[in-house]
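In what follows, a structure is listed as structure tokens, so that the remarks can point back to it.
Sequence lines set the chain letters: A, B, ... in the order given, protein chains first and strands last, and positions in each chain run from 1. Just so it is clear, the values below take in all heavy atoms, side chains as well, and ignore hydrogens, waters and symmetry mates. Please read these numbers as outputs of a predicted model, since none were measured by experiment.
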Amino acid sequence: MQGKENKKTSFFSIPWVQTITASLICILLGLLIGFIALLIINPENAWDGIVTVLKNFWNYKQATKQVKYFGQTLVKMVPLLMCSLSVLFAYKVGLFNIGVAGQYVIGAGASLYCALGLGMPWWVCLMAAMVFGAVWGAIPGILKAYRNVNEVISGIMLNWIGLYLINTILTQVKNPTGKDTFTVASKNPSALIPSLGLGSLFNNEKTVTIAIPLAIIIAVAVWVLLSKTRLGYELKATGLNKNAAMYCGMREKFNIILTTAIAGALAALGAAMLFLTDSMQWECTQSSVPAMGFNGIAAAFLGGLNPIGTIFSAYFIQHITEGGAQLTKLGYFSQISDFISSFIIYLCAFVLFFRGIMNRKPGDRAGRSKKGGKKA
Amino acid sequence: MTTLISYTIFFASVLMLVALGGCFSEHSGVINLGLEGVMVFGALGGALGMRYADLPPFVMVVCCVLMAVLFGMLYSLLLAVAAINFKADQTLVGTAMNLLGTAAATVIVKALNMAADPNNTSSEIVYVVPKKFFMVNFMGFEISYLMLLAVVLLVISYLVLYRTRFGLRLQACGEHPQAAASVGINVFRMRYAGVLISGFLGGLGGLMYILGGVSQWKFEVGVAGFGFLSLAVMIFGQWKPLRIAAVALLFGLFRSLSNTYNGFPFLVELNLPGSVYNMLPYIVSLVVLALTSKNSHAPKAEGIPYDKGMR
């Protein structure tokens with residue numbers, strides 16, 4: 001923009017370099033805190049512990065097992081990526097989609113009920129999840145546009161309502177021997193998302209399906225929609241200034257509702273893409289909202305609020321979550337990785353500050369006044 | 001009926017305390033979405049007090065309350081530093097604090113449990129005996145000292161907010177911080193005060209929450225959205241202490257129905273699934289918010305980082 005000054009800019013003032021550096025700082029500080037926690041709990045194994053978290057599937061010696069567990073990590077990355085896309089999409093339009101967890105729950109409920117209760121094929125189940133997720137997601141949008149209700153509060157309320165609702169509905173397709181729903185394979189194999197031979201790449205891991213490439217395609221599509229289309233431009237304009245957008249003839253209320261509906265559909269689709277692989281079953285007695293949605297918030301911010309960036313950040317968070325599950329062997333417990341990732345989200349709030357440091361040139365006025373301000 | 005009343009009073013006083021906390025923070029201009037995490041940490045502080053301290057009953061109660069309050073305030077510093085000094089996005093910080101609260105409390109309790117007994121990997125703290133110290137028989141009801149404390153704190157909150165110089169200055173910082181600064185009020189200090197008071201009340205609310213009905217607490221489950229319900233109470237209460245107290249009673253009633261609906265023949269006859277009663281407080285708050293948010297009395301500058309240069 002300012003052509004004259006561009007020549008002087010250093011490597012660290014390029015925006016994408018700043019974004020990546022800031023995210024890496026968050027990750028390193030988060031891991032450091034995790035390491036300190038491990039040191040306090042049991043100093044002997046702390047280093048092995050943090051290495052275990054980071055290695056995840058490389059902890060296995062055989063190559064076949066490594067590939068298999070890599071596949072499983074990818075399978076669970078899919079819903080996380082979709083949730084973070086949902087958060088990111090809404091955030092670009094100025095809305096904080098904390099209701100992503102509820103939309104995820106609705107997606108799980110809709111897809112599993114269509115698969116197990118109604119015996120539909122997989123693509124109908126995916127569509128059903130999207131439709132119900134969009135409707136559920138639109139509620140905070142409608143309340144925001146017409147009733148001025150803060151979307152954060154209404155989203156949180158809808159998370160809990162959705163959880164109890166889906167628990168009740170899915171109890172009808174519960175396996176009588178336990179708390180979980182039936183596996184999709186046992187009731188309706190046609191509802192399993194097809195693998196198209198992808199599973200054979202991962203040592204015949206059955207849960208690896210076309211959901212993985214599909215999620216990455218959707219991430220790219222979200223990027224195109226937001227930065228290359230008129231609709232994306234209008235949505236972002238609405239997010240920046242609702243009144244200005246209205247003045248320019250944009251339908252600002254419609255745009256808000258559309259945004260939340262798309263965000264809801266993305267999160268719900270993510271849930272369907274996990275549960276229709278039989279990677280896990282729904283537990284009908286859960287009493288807390290699944291962490292997947294909230295981790296999606298982490299991934300979105302860690303990815304620098306860029307759809308392509310979230311592919312990597314979602315993978316990273318899932319990677320350390322799976323790695324954390326193996327900590328039990330060393331006498332720790334798996335919640336350490338939740339602790340690390342939640343601390344990383346907290347650090348993400350400081351990204352602006354990290355960027356500020358990188359923008360500061362040595363000896364310039366902003367730097368000095370900042371230092372002076374700290375002492376005062 | 002008596003169980004319904006005692007449950008209602010219990011839930012209402014928790015909601016009221018935490019909502020008052022949110023109210024102080026927002027009046028100073030900082031949105032405290034992390035109240036859920038603050039509650040968890042307050043509960044953790046109190047539970048640790050009950051587990052490790054071995055004191056005569058009354059000192060024990062005081063000690064646990066102080067621990068809960070201290071933990072809540074320390075935890076709320078995470079928000080204060082990020083939002084006030086570093087001008088961070090308050091919604092994001094609050095969300096992170098809620099996740100971190102449950103995760104960190106689980107890690108701490110598990111680590112302590114495993115240090116005491118390597119085979120004990122649960123995240124539970126048991127406090128059967130100390131819990132009894134908190135209870136007092138009042139006109140046939142088993143109530144806890146903390147409920148009396150809650151009422152006292154309600155009165156104090158009202159007086160502080162409307163009848164003291166500090167309270168009025170605090171509110172000025174939430175309405176128009178630049179104007180407040182122009183007459184010599186230190187906005188940073190006021191906002192710190194607001195957030196710390198919310199940590200105080202939120203932490204106490206957390207301790208009170210885990211003392212209701214049960215004698216052990218599993219820290220993995222957090223506080224089941226109570227921090228968020230309190231925010232709804234605060235909004236419906238229009239950021240005014242006395243209205244907050246009234247609204248808390250209403251929400252407490254709906255919340256207690258899910259524990260007690262079995263005792264009412266006409267509710268059992270409706271034959272609704274139990275989850276309907278679990279959903280009820282959330283549905284009610286959603287409807288109430290839709291009806292009341294149009295002309296909100298929210299502090300005007302809440303959520304906006306204070307920038308000296310912006311007048």
Side-chain angles (χ1 to χ4, degrees), chain A residues 34 37 40-42 91 96 98 139-140 142-144 146-150 152-154 156-169 171 287-289 291 294-295 297-298 301 328 331-333 335-353 356 374, chain B residues 31 33 36-37 78 82-83 85-104 106-108 110-111 114-115 118 121 123 220-222 224-225 227-229 231-232 235 273-279 281-286 289-296 298:
Chain A
I40 294 171
I41 297 167
N42 180 2
Y91 199 81
F96 196 89
I98 206 171
I139 300 173
I142 294 169
L143 290 174
K144 169 97 177 172
Y146 290 100
R147 306 299 315 177
N148 191 28
V149 177
N150 185 325
V152 174
I153 306 287
S154 58
I156 290 161
M157 299 301 151
L158 284 166
N159 285 348
W160 291 97
I161 298 172
L163 177 72
Y164 291 121
L165 187 69
I166 294 304
N167 274 348
T168 315
I169 291 173
T171 306
S287 58
S288 58
V289 181
F294 298 115
N295 282 341
I297 299 175
F301 282 90
T328 39
Y332 296 111
F333 33 87
Q335 278 84 0
I336 295 277
S337 55
D338 293 346
F339 175 69
I340 295 176
S341 56
S342 57
F343 204 83
I344 290 176
I345 316 181
Y346 177 71
L347 291 169
C348 283
F350 293 88
V351 162
L352 267 182
F353 171 74
K374 263 192 176 172
Chain B
I31 298 179
L33 265 185
E36 183 104 352
L78 282 181
N85 296 97
F86 291 95
K87 300 185 170 47
D89 183 322
Q90 295 170 9
T91 317
L92 178 59
V93 178
T95 310
M97 280 173 69
N98 294 333
L99 298 179
L100 189 61
T102 313
T106 309
V107 167
I108 293 172
K110 280 200 167 185
M114 279 172 75
T121 54
S123 64
E220 260 171 285
V221 299
F228 296 123
L229 266 183
L231 284 175
I235 294 173
S275 59
V276 169
Y277 296 99
N278 284 330
M279 280 189 249
Y282 304 103
I283 296 176
V284 170
S285 60
L286 207 57
L289 287 174
L291 295 178
T292 56
S293 289
K294 199 79 184 178
N295 4 323
S296 126

Highest number of heavy-atom pairs under 4.5 Å with chain B among A:S342, A:A291, A:C348, A:S341 belongs to A:S342

Contacts of B:Q90 meeting side chain to side chain donor-acceptor pair (under 3.5 Å) (sequence neighbours excluded), chain-then-number -> none

Locate the shortest heavy-atom distance separating A:P140 from A:S154; write the atom from each residue and the value.
CB-OG, 3.6 Å

State, with a plain yes or no, whether a side-chain heavy atom of A:L143 is found less than 4.5 Å away from one of B:L286.
yes

Please classify the contact of A:V149 with chain B as side chain, backbone, both or neither, using a heavy-atom distance under 4.5 Å.
both

Flag side-chain contact, heavy atom, 4.5 Å: B:K110 against B:E220
yes

Determine the option with the most heavy-atom pairs under 4.5 angstrom with chain B, choosing from A:N148, A:I41, A:I156.
A:I156

Side chains of B:N98 and B:F228 in contact at under 4.5 Å (non-hydrogen atoms)
yes

Contact part of A:Y91 toward chain B, heavy-atom cut-off under 4.5 Å: side chain, backbone, both or neither?
side chain

Give, for atom CD1 of A:I345 and atom CZ of A:F301, the distance between the pair rounded to the nearest 0.5 Å.
9.5 Å

Is A:F96 in contact with chain B via its backbone, its side chain, both, or neither, using a 4.5 Å heavy-atom distance?
side chain

Checked B:T91, B:V93, B:T106, B:L289 vs chain A; the most non-hydrogen pairs under 4.5 Å come from B:T91

If you count heavy-atom pairs within less than 4.5 Å of chain A, which of B:I283, B:L78, B:L33, B:L231 leads?
B:L78

Can you give me every donor-acceptor pair (side chain of residues 157-167 of chain A, partner residue at least two apart or in another chain, under 3.5 Å) with its distance?
residue: A:N159; atom: OD1; partner: A:G102; partner atom: N; Å: 2.7
residue: A:N159; atom: ND2; partner: A:I98; partner atom: O; Å: 3.3
residue: A:N167; atom: OD1; partner: A:W282; partner atom: NE1; Å: 3.1
residue: A:N167; atom: ND2; partner: A:Q286; partner atom: O; Å: 2.9

Ranked by heavy-atom pairs below 4.5 Å to chain B, first place among A:A37, A:A298, A:A349 goes to A:A349

Name the member of A:T168, A:T171, A:I297 that forms the most heavy-atom pairs with chain B at distances under 4.5 Å.
A:T168

Honestly, the part of B:A290 sitting under 4.5 Å from a heavy atom of chain A is both

